[in-house]
Amino acid sequence: MPAYAVIGAQWGDEGKGKIIDFLAERATVVARYSGGNNAGHTVMNEHGTFKFHLIPSGVCWPNTANVIGNGVVVDPNVLIEEIEDIEARGLDASTIVVSDRAHIVMPYHVQLDQLQEARRGDSAIGTTGRGIGPAYLDKVDRSGIRIGELLDTEDLTLRLPEIIERKNEILTKIYGADPIDIEVIFAQVREWAPKLSPHIRAAEDIVAQALENGENIILEGAQGALLDMDHGTYPYVTSSNPTVGGALTGLGLGPRAFGGVAGVYKAYCTRVGSGPFPTEIFGEDADVFRNAGPVGEFGATTGRPRRIGWFDGVAGRYSARVNGFDSMIITRLDILDGRESVKVCVAYELDGQRIEKFPIDAVLLERCKPIYEEVPGWTETTAGLSDPNLLPAGARNYVEFLEKLLNVPASLISTGPERHQTIVWRPIIPEA
Ligand code: IMP
């Protein structure tokens with residue numbers, strides 16, 4: 001009854017979508033457990049190029065159920081648009097199931113996210129502006145609206161006026177913004193309900209049943225461990241738990257469901273938004289990474305240029321610890337092709353002392369200086385490789401260096417954005 005979690009091990013954008021599309025061939029269910037349409041998972045295969053924000057990345061396989069779990073927050077407009085898009089491109093959207101307990105990102109959440117960020121000025125988090133934080137805030141406040149409520153809009157229309165009244169107080173009195181017109185919200189709800197109703201169900205039951213049947217399930221992480229609300233670089237984090245614990249609560253799973261927990265690490269690091277980033281590089285050095293490969297380093301959701309840095313072994317070890325990774329998936333290895341050497345951060349210097357433990361406090365982390373080791377590079381190209389025997393010695397050496405640094409064995413190595421550009425170093429899902 002194994003569930004295999006695929007979790008971002010850095011600050012998100014590690015290339016999880018591609019990996020999940022690759023692994024989903026052998027799974028009957030792919031399930032998202034946290035975040036919302038702040039995520040942007042790029043999938044490239046024989047059906048084309050897709051950027052999924054909410055739809056799980058297993059949707060290109062015909063026999064895979066795609067579950068959006070209770071831990072996800074769902075903007076119905078985005079989900080409807082994605083469903084219509086994949087249908088127009090010939091994929092089967094009936095495989096998409098949304099938990100009735102997933103919370104809705106309402107239009108006022110989006111508005112509040114953007115107003116709050118503007119108010120924060122220089123200390124802005126750099127959110128994606130998709131209303132994610134305010135939606136989770138309402139969930140915790142017990143004033144959120146769950147997707148299941150779209151199945152009975154009469155009840156919802158009774159509940160909405162009080163909620164809107166509170167939101168309007170905040171909008172007008174705190175932010176000096178225009179109040180929301182409740183009729184506009186009612187109209188949205190009436191539009192969402194018939195379009196989403198066929199997909200709304202107790203999605204956790206589908207996951208539980210698949211596990212009971214002994215089928216393979218992929219748990220699709222969004223964002224990354226270092227953006228985790230509890231374990232990330234707070235306050236520069238997202239408002240959910242991308243780490244492995246989020247997969248349990250976000251889908252109603254027990255710990256014995258797991259067959260494996262794989263951490264997805266880019267061969268270097270990126271970050272979007274504000275917050276400490278010890279190995280960050282700037283200028284032309286960063287631009288080389290940003291513009292390399294068929295898909296550059298620009299946010300899949302917002303298009304913002306990503307911040308770039310060398311691989312951070314201190315943060316990487318921390319991430320492996322808080323998630324209990326039993327394997328690491330290395331992505332974008334090909335971007336390092338043609339370098340004489342590659343820098344890897346093996347420790348930090350803090351106040352003149354060498355430290356190897358990740359200081360999770362954002363203020364302390366900001367003061368950490370990376371201590372690098374130069375690992376020999378390789379002149380050959382790895383782009384598109386799928387045969388492990390063809391990996392050049394320098395690239396193999398780099399993979400082994402990271403394995404040792406993190407004390408986690410590599411499982412998959414990604415050498416390009418397309419599904420088949422993947423090296424199976426060690427299989428994640430054992431042969432049946
Ligand atoms: P929010 O999730 O939109 O509230 O943004 C909070 C922080 O998480 C910001 O720094 C965002 O840039 C970052 N973030 C959110 N989603 C992603 C993602 O999918 N990839 C990378 N960064 C993300």
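The structure presented is a predicted model; accordingly, all values stated were derived computationally and were not measured. Both counts, for ligands and for their atoms, begin at 1 and track the order of listing.
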Measure and list all N/O to N/O distances between ligand 1 and the protein that fall under 3.5 angstrom.
unit_1	atom_1	unit_2	atom_2	d
ligand 1	2 (O)	Asn38	ND2	2.8
ligand 1	2 (O)	Thr238	OG1	2.6
ligand 1	3 (O)	Thr128	N	2.8
ligand 1	3 (O)	Thr128	OG1	2.6
ligand 1	10 (O)	Val272	O	3.2
ligand 1	12 (O)	Gly126	O	3.3
ligand 1	12 (O)	Val272	O	3.2
ligand 1	12 (O)	Arg304	NH2	3.0
ligand 1	16 (N)	Gln223	NE2	3.2
ligand 1	19 (O)	Asn38	O	3.3
ligand 1	19 (O)	Gln223	NE2	3.4
ligand 1	20 (N)	Asp13	OD1	3.1
ligand 1	20 (N)	Asp13	OD2	3.4

* For Tyr108, ring-ring contact (aromatic ring centres under 6.0 Å, His included) partners two or more places apart -> none

* Taking atom CZ of Phe298 as the centre, does the number of heavy atoms from other residues, nucleotides or ligands within less than 6.0 Å exceed 12? -> yes

* To do: For Thr238 and Asn38, test the side chains for any donor-to-acceptor distance below 3.5 angstrom and give the result as yes or no.
  => yes

* To do: Verify the neighbour count for atom CZ of Arg166: are there more than 12 heavy atoms of other residues, nucleotides or ligands below 6.0 Å?
  => no

* Heavy-atom neighbours of Glu46 CD exceed 12 at 6.0 Å -> yes

* Distance from Glu149 atom CD to His103 atom NE2, nearest 0.5 Å? -> 8.0 Å

